[in-house]
A.B. asks: 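Please find one structure pasted underneath; my questions will follow.
A, B, ... follow the sequence lines: proteins, then strands. Residue 1 opens every chain.
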There are 2 protein chains.
Amino acid sequence: MLRITKQTDYGIVLLSHMAAEPERLFNAPELAEAAGLPLPTVSKILKMLARDGLLDSHRGAKGGYCLVSAPEEISVAEIIFSLEGPIAMTECIDDGPGECQQEGSCPLQANWQLINTAVRQALQGISLRQMAGPMGPQLVQLASRSAHSSLQP
Amino acid sequence: MLRITKQTDYGIVLLSHMAAEPERLFNAPELAEAAGLPLPTVSKILKMLARDGLLDSHRGAKGGYCLVSAPEEISVAEIIFSLEGPIAMTECIDDGPGECQQEGSCPLQANWQLINTAVRQALQGISLRQMAGPMGPQLVQLASRSAHSSLQP
DNA sequence: GTAAATAGAACCATATCGGTACTATTTTCT
DNA sequence: AGAAAATAGTACCGATATGGTTCTATTTAC
């Protein structure tokens, strides 16, 4: 179906919430409450984001998480990269050479990079700031105009 | 992991092979042989591509498949759309309104479109012709320059 | 009329995803 | 010092989707 996982989905929701007050420290129970999601799930996601350096974590009582960078500086690509691993749409890339059975007969190896790169760049072009809104409906309007193109019958 | 399915992967391989002789009629056993893939799998994929209008099919002996459009006119987005359904990276889009629990509290609904649209457009920008090569290394070079950015440590 | 091919549906083993539970560690507060 | 509150890390299991095969029906060429 070519979709991101729910974890990533939730992660973007949580980060968007935090982006409203970029300086503040949020703890997991609070974010779970705000997002209407179960605490264990939220906790798991925040751990991953902290492990990969998108969030700073403070342990102990009065602990919590806060954004490392400004929302403008965080791209959706980084979030996805953290929560579901490398953005590689095709296989023979990150398996390294020699793994692909077709090896000799597959003239596509290099061209797969085109896809991976295109998607990666597209996602790098969207910041957490944009996702967090309140970006007016005018931009969204622009977006959905082409969203309902030939691909979305 | 944000990757396309193997079926789609194989589909692009098969179509790329056909793109070398856009006028010719290829049958499934022949393509399976050429790609080094099992016939049932190849057959299944070609059926889907034909069902969605990317391939013309001719039944009976001496039957087979041929490209409907020129390789330049077919985008990777169309292929993915055919083999794994709508390109919608996030959920609350194609479920229609009312399905999302967060409904009121989720200020992101519209912004998800940004992601879907960005990815869709990126994939629409790549043609089967480009995938089929022999497009020189110069373009790939250009692509991978930004591919090995912050996301690919 | 027979062989060769596509059309379509059903099926199952396996891998991945979504979510939970448990233990350990760190920090604050009294 | 001790209790409470929070994160860190790991392991686990049910549900879902994927990958691939098989079977039957239909169409067409010779």
A.B. asks: Whole angstrom is fine here: how far is it from CD in A:E84 over to P in C:dC17?
C.D. replies: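 Whole-Å distance recorded here is 8 Å.
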
A.B. asks: How many whole angstroms separate atom CG of B:D56 from atom P of C:dA5?
C.D. replies: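 Going from B:D56 (CG) to C:dA5 (P), I get 18 Å.
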
A.B. asks: Answer with base, sugar-phosphate or nothing: what part of the nucleic acid does A:K47 contact at a heavy-atom distance below 4.0 Å?
C.D. replies: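 Base contact - A:K47 has a heavy atom under 4.0 Å of at least one base atom.
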
A.B. asks: Taking atom types as they are modelled, is there a donor-acceptor pair under 3.5 Å from the base of D:dT28 to the side chain of B:R59?
C.D. replies: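 No.
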
A.B. asks: To the side chain of B:A50, which of C:dT6, C:dA7, C:dT20 is closest?
C.D. replies: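 Nearest nucleotide to the side chain: C:dA7.
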
A.B. asks: Could you pick out which residue, B:L2 or B:L46, lies toward the 5' side of DNA chain C when each is mapped onto its nearest nucleotide?
C.D. replies: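 The answer here is B:L46.
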
A.B. asks: Rounded to whole Å, how long is the line connecting atom CE of A:M48 with atom P of D:dT7?
C.D. replies: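 It works out to 15 Å between those atoms.
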
A.B. asks: Any non-hydrogen side-chain atom of A:E21 less than 4.5 Å from a side-chain atom of A:F26?
C.D. replies: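 The answer is yes; the side chains approach within 4.5 Å.
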
A.B. asks: Rounding to an integer number of Å, can you tell me how far B:D52 CG sits from C:dG8 P?
C.D. replies: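 It works out to 11 Å between those atoms.
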
A.B. asks: Look only at the side chain of B:E73 and the backbone of B:A70, and say whether a donor-acceptor pair between them is shorter than 3.5 Å.
C.D. replies: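 No; zero donor-acceptor contacts below 3.5 Å.
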
A.B. asks: What's the CG-C1' distance between B:L55 and C:dA5, to the nearest Å?
C.D. replies: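 About 15 Å, once rounded to whole Å.
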
A.B. asks: Has B:E33 got more than 12 heavy atoms of other residues, nucleotides or ligands less than 6.0 Å from its CD?
C.D. replies: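 Not buried by this count: 12 neighbours or fewer within 6.0 Å.
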
A.B. asks: When you check the phosphate oxygens OP1 and OP2 of D:dT18, does a side-chain N or O of B:Y10 lie under 4.0 Å from one of them?
C.D. replies: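 No, outside the criterion.
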
A.B. asks: Are the side chains of B:V76 and A:L114 in touch, meaning some heavy atoms are under 4.5 Å apart?
C.D. replies: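 Contact flag for B:V76/A:L114 side chains = no.
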
A.B. asks: So, is B:T41 close to the D:dG19 phosphate, meaning a side-chain N or O under 4.0 Å from OP1 or OP2?
C.D. replies: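 B:T41 to D:dG19 OP1/OP2: no side-chain N or O under 4.0 Å.
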
A.B. asks: With heavy-atom distances below 4.5 Å as the criterion, would you say the side chains of A:M131 and B:W112 are in contact?
C.D. replies: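 SC-SC contact between A:M131 and B:W112 confirmed.
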
A.B. asks: What is the distance, rounded to the nearest whole Å, between atom NZ of A:K62 and atom C1' of C:dC29?
C.D. replies: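 Value for this atom pair: 9 Å.
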
A.B. asks: In whole angstrom, what separates A:K6's NZ from D:dT16's P?
C.D. replies: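 In whole Å, D:dT16 P lies 10 Å from A:K6 NZ.
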
A.B. asks: Need to verify one output field. Residue with the more 5' nearest nucleotide on DNA chain D, A:S57 or B:H58?
C.D. replies: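 Of the two residues, A:S57 wins.
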
A.B. asks: In whole Å, I'd like the distance from the CG atom of B:L37 to the P atom of D:dG20.
C.D. replies: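 Distance, rounded to whole Å: 8 Å.
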
